[in-house]
S.K.: 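What follows is a structure written as structure tokens; I'll ask about it next.
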Amino acid sequence: MGFASAAPLGEAVGVSSCWSKIARKETIVTNAKMPNAKTASFWNFDEAMLERLVEEPEGAANGQLLPMQKYYKHGVSACEIDYMRAMLSMPLRGLQGKTQVFPMDREHFVRSRLTHTLEVAVNAAEIFDEMLAKADDPDPDCGQTVLTEKQIQTLRYALMTACLLHDAGNPPFGHFGEEAIRDWFNQRDAASGEAFGDLDLCYFEGNANSLRMALRGTGLYDGRRLNPTLLTLCAMVKYPWDAREAVARKPKKVKYNYFASDSKRVEELQRASKKAVGLSDRERSKLSLVMEAADDVSYATGDFEDAFRKGMFTVDEAVSFMAKRWLSWSDEGRFSKKCRQNTLTLIYLLSFLAGDEEDYEWMNNFISGVQEDDNLIAKSGRIGPHYADYLLANGGGYPRGSDTVHTFRKALADGPNGKLDAAQRRQMQETYVGRWVDVVRAWLRYSVACSLSRPDVDGEKEADLFGDHYATIMLLKDVLEHFVYTSPENAKLNARAETVLKGLLDKFVPAAEECIQENEAKSGKSPINPEGISSTAASLIALIPMRYRLDYESALNASEPRWDADRQRYELDMMVLDFVSSLPDDYAVQLYNDLYEAK
């Protein structure tokens with residue numbers, strides 16, 4: 001029962017001509033004299049961006065940082081060192097125990113924050129390479145500097161390193177953890193913006209914390225700081241402003257990349273990178289746009305696959321929901337005709353690859369009933385880009401039958417004798433949902449490469465990243481919002497995250513704030529040697545790793561003028577958040593139980 005078996009579909013959907021149109025690889029229309037992905041100016045690439053904020057001298061002058069390039073004979077690049085340091089770093093390792101969507105899930109197939117991060121790096125590299133493949137060779141007379149192979153590799157390493165670190169600052173329990181931290185500080189201090197850094201605490205942001213970790217490495221005194229290049233740091237910045245500006249921009253959706261605590265380092269980064277990327281002018285690196293799009297592709301497709309395997313929805317529920325949501329978009333005129341056609345193709349493919357006979361028939365009937373202008377499946381859609389080629393049967397324009405494209409319906413027909421129970425049937429179906437996810441992932445990567453190949457795209461609107469496939473990414477997010485993020489199961493997990501993180505903050509924040517020194521003369525109140533504070537507070541502070549306490553103490557001693565009580569309170573709170581946000585989910589629960597359970 002394949003594609004070709006549904007004779008009425010060819011007439012209803014208009015596949016006789018549309019498939020041959022999408023089989024041809026899309027060509028980006030560019031001006032050979034304009035910058036494209038093969039030129040340095042397109043990426044704002046400058047050799048000066050390979051410098052680091054903290055110099056890494058040789059010999060006795062190198063008190064903390066090892067100049068890694070000196071160990072290699074094969075000419076390793078600065079950004080390759082970034083990549084190796086990130087891959088071997090403590091912040092990246094810490095992600096293996098952190099939530100992507102399903103906290104503390106024991107099933108092997110569900111993504112953690114670490115596996116999500118690795119997928120983001122892979123998807124970003126694929127988008128980057130596709131952009132290069134699409135670019136025309138620049139006009140020799142255009143005055144554009146063409147990237148060398150070594151420079152292309154440098155850009156790729158910077159991009160992948162930014163992807164590896166983009167979620168490094170996320171707290172336990174994913175975005176539930178962020179919300180719990182914000183809510184705790186909002187209950188204690190209303191976010192007035194009057195006290196130093198109060199907006200950072202009341203609008204705690206994982207993106208800003210990730211940049212903080214990259215700027216500070218794994219601590220000043222552990223000898224293994226990341227110290228990335230300017231190129232990598234700029235690639236990490238999605239929101240080039242602080243919390244105060246973010247609140248003024250979008251008070252209901254506060255996103256930013258800079259904590260007040262890190263303002264000095266951020267200013268150094270802005271000055272050092274100004275010739276290439278105007279961060280101080282709210283300009284973004286092109287690499288950061290690729291990273292952002294890859295993150296969206298990874299979580300929208302990965303979370304969909306995980307949620308299906310977890311039993312959060314069935315194929316027929318997903319197909320029905322998506323088709324009805326698509327129809328509402330058509331009625332509202334929310335997306336262009338091309339967007340609607342591309343997205344309808346995606347829904348149709350889900351029913352074709354992973355649906356049973358009832359799902360497939362329902363989708364065919366749905367398509368037959370839509371308006372004539374919209375019912376040409378994939379008239380201009382690109383599924384891959386080469387997947388359409390595969391589906392074509394001998395160039396005739398009609399999709400292949402089930403003899404060449406193996407579907408779930410085919411698997412049921414050819415399956416084991418006897419009736420399958422629901423669990424067995426679902427396990428078989430997982431394979432075909434996974435194949436559909438692979439197609440969608442390739443579809444989205446390809447569309448991002450098309451969109452970002454235009455030199456005028458600045459990423460101000462998410463629609464700019466996905467072009468005519470923006471509706472696709474929005475539809476996937478709607479599915480996840482409807483079936484997963486607001487589900488009763490996730491509500492329970494959210495409640496657990498709130499209980500654990502607020503409980504830890506209840507303990508550690510007041511203990512740390514006992515170390516506030518009321519005058520400029522040094523007192524015994526210190527996170528390093530906490531004299532003059534309660535024994536309970538001293539015991540709690542001792543649980544915070546020394547690297548975070550030393551970072552605070554060093555910054556306090558170097559402050560000029562010396563921090564007042566409000567600034568000390570803020571920085572001590574940030575020290576606690578450095579610790580709490582580094583905890584894996586299960587250790588956060590264990591620590592909470594150790595602190596609160598009566599023995």
Side-chain angles (χ1 to χ4, degrees), residues 1-6 9 99-112 115-116 119 299-326 346-367 387 391 399-441 475-494 496:
M1 292 294 226
F3 236 141
S5 65
L9 182 63
T99 291
Q100 173 58 20
V101 174
F102 304 103
M104 296 177 293
D105 196 285
R106 302 299 181 188
E107 298 185 73
H108 72 278
F109 52 71
V110 173
R111 290 160 173 84
S112 68
T115 54
H116 162 75
E119 289 182 11
Y299 93 73
T301 56
D303 291 1
F304 184 99
E305 184 175 22
D306 286 352
F308 177 79
R309 289 176 181 271
K310 287 281 294 178
M312 306 294 283
F313 54 81
T314 62
V315 168
D316 65 298
E317 287 173 337
V319 168
S320 176
F321 175 84
M322 288 194 288
K324 291 173 182 176
R325 180 57 56 91
W326 177 90
L346 177 151
I347 305 168
Y348 180 80
L349 279 175
L350 179 58
S351 70
F352 168 64
L353 291 173
D356 58 20
E357 289 292 349
E358 187 176 344
D359 300 331
Y360 188 49
E361 182 180 359
W362 185 93
M363 191 63 201
N364 281 327
N365 291 334
F366 175 86
I367 290 172
Y387 193 72
L391 287 178
R400 295 171 184 262
S402 59
D403 56 330
T404 52
V405 178
H406 205 281
T407 66
F408 177 59
R409 288 169 288 117
K410 175 72 171 174
L412 288 176
D414 297 343
N417 294 328
K419 187 175 181 181
L420 298 174
D421 62 31
Q424 293 170 324
R425 181 184 173 94
R426 186 178 188 84
Q427 288 177 33
M428 286 181 62
Q429 200 170 23
E430 288 173 1
T431 298
Y432 300 92
V433 171
R435 290 179 181 176
W436 178 79
V437 167
D438 288 341
V439 172
V440 176
R441 188 181 293 117
L475 184 62
L476 289 173
K477 291 180 179 181
D478 283 352
V479 170
L480 296 170
E481 183 68 25
H482 181 77
F483 289 105
V484 182
Y485 302 150
T486 58
S487 68
E489 179 180 340
N490 262 28
K492 293 178 183 178
L493 298 173
N494 191 4
R496 172 179 284 188

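Just so you know, these numbers come straight off a predicted model, no measurement behind them.
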S.K.: Using a 4.5 Å cut-off on heavy atoms from C-beta on, say whether the side chain of L420 contacts that of L412.
M.R.: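 A side-chain contact under 4.5 Å exists here.
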S.K.: Is D306 salt-bridged to K310, going by a charged N under 4.0 Å from an acidic O?
M.R.: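 No salt bridge links D306 with K310.
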S.K.: Identify the two heavy atoms, one from A323 and one from F366, that lie closest to each other, and give their separation to 0.1 Å.
M.R.: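 Where A323 meets F366 most closely, the heavy atoms are O-CZ, 3.3 Å.
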S.K.: Taking atom CG of D421 and atom CD of Q427, what is their separation to the nearest 0.5 Å?
M.R.: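 Spacing of CG (D421) from CD (Q427) equals 8.5 Å.
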S.K.: Name all residues meeting the side-chain contact (heavy atoms from CB on, under 4.5 Å) criterion together with A307; count only those two or more places apart in sequence or in a different chain, and write none if there are none.
M.R.: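 Only F102, M312, F313, V484 meet the side-chain contact (heavy atoms from CB on, under 4.5 Å) criterion with A307.
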S.K.: Is a donor on one side and an acceptor on the other found under 3.5 Å between the side chain of N494 and the backbone of N490?
M.R.: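 Side chain of N494 to backbone of N490, a donor-acceptor pair under 3.5 Å: no, none is there.
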S.K.: Roughly how far, to the nearest 0.5 Å, is the CG atom of D316 from the CG atom of D356?
M.R.: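 Result: 7.0 Å between the selected atoms.
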S.K.: Any carboxylate oxygen within less than 4.0 angstrom of a Lys/Arg side-chain nitrogen, looking at D438 and R441?
M.R.: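 R441 and D438: salt-bridged.
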S.K.: State, with a plain yes or no, whether a side-chain heavy atom of F408 is found less than 4.5 Å away from one of R425.
M.R.: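 Of all side-chain heavy-atom pairs linking R425 with F408, at least one is under 4.5 Å.
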S.K.: If we only count heavy atoms from C-beta on, is the Y348 to Y360 side-chain gap below 4.5 Å?
M.R.: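 Y348 vs Y360: side chains touch.
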S.K.: Would you find more than 12 non-hydrogen atoms of other residues, nucleotides or ligands less than 6.0 Å from E358 atom CD?
M.R.: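 At most 12 heavy atoms, drawn from other residues, nucleotides or ligands, come within 6.0 Å of this atom.
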S.K.: For E305 and G434, work out which heavy atoms get closest and say how close.
M.R.: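 In this case the closest contact between E305 and G434 is OE2-CA, 3.6 Å.
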S.K.: Has the side chain of W436 got a donor or acceptor atom that lies under 3.5 Å from a matching backbone atom of L346?
M.R.: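 Yes, the answer is positive, given that a donor and an acceptor are paired below the 3.5 Å cut-off.
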S.K.: Does a side-chain heavy-atom distance below 4.5 Å link M363 with I347?
M.R.: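 In contact.
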S.K.: Hey, is the main chain of D303 close enough, under 3.5 Å, to the side chain of Q100 for a donor-acceptor pair?
M.R.: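 Flag not set: sc Q100 to bb D303 has no pair under 3.5 Å.
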S.K.: Centre of F308's six-membered ring, under 6.0 Å away, within 45 degrees of the axis: is that where NZ or CZ of R426 sits?
M.R.: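 Here R426 passes the 6.0 Å and 45° test against F308.
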S.K.: Which residues pass the salt bridge (Lys or Arg N to Asp or Glu O under 4.0 Å) test with E119, not counting sequence neighbours?
M.R.: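 Once residues adjacent in sequence are excluded, the partners of E119 under the salt bridge (Lys or Arg N to Asp or Glu O under 4.0 Å) criterion are R111.
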S.K.: How about L480 and V101: do any of their side-chain heavy atoms sit closer than 4.5 Å?
M.R.: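 In short, these two side chains do not touch, never coming nearer than 4.5 Å.
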S.K.: Could you check whether any side-chain heavy atom of R325 comes within less than 4.5 Å of a side-chain heavy atom of H482, counting everything from C-beta outward?
M.R.: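 R325 vs H482: side chains apart.
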S.K.: Are the side chains of S320 and W362 in touch, meaning some heavy atoms are under 4.5 Å apart?
M.R.: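 Side chain of S320 against side chain of W362, heavy atoms only: contact under 4.5 Å found.
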S.K.: From Y432 OH over to L349 CG, what is the distance, rounded to the nearest 0.5 angstrom?
M.R.: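 Here the interatomic distance stands at 15.5 Å.
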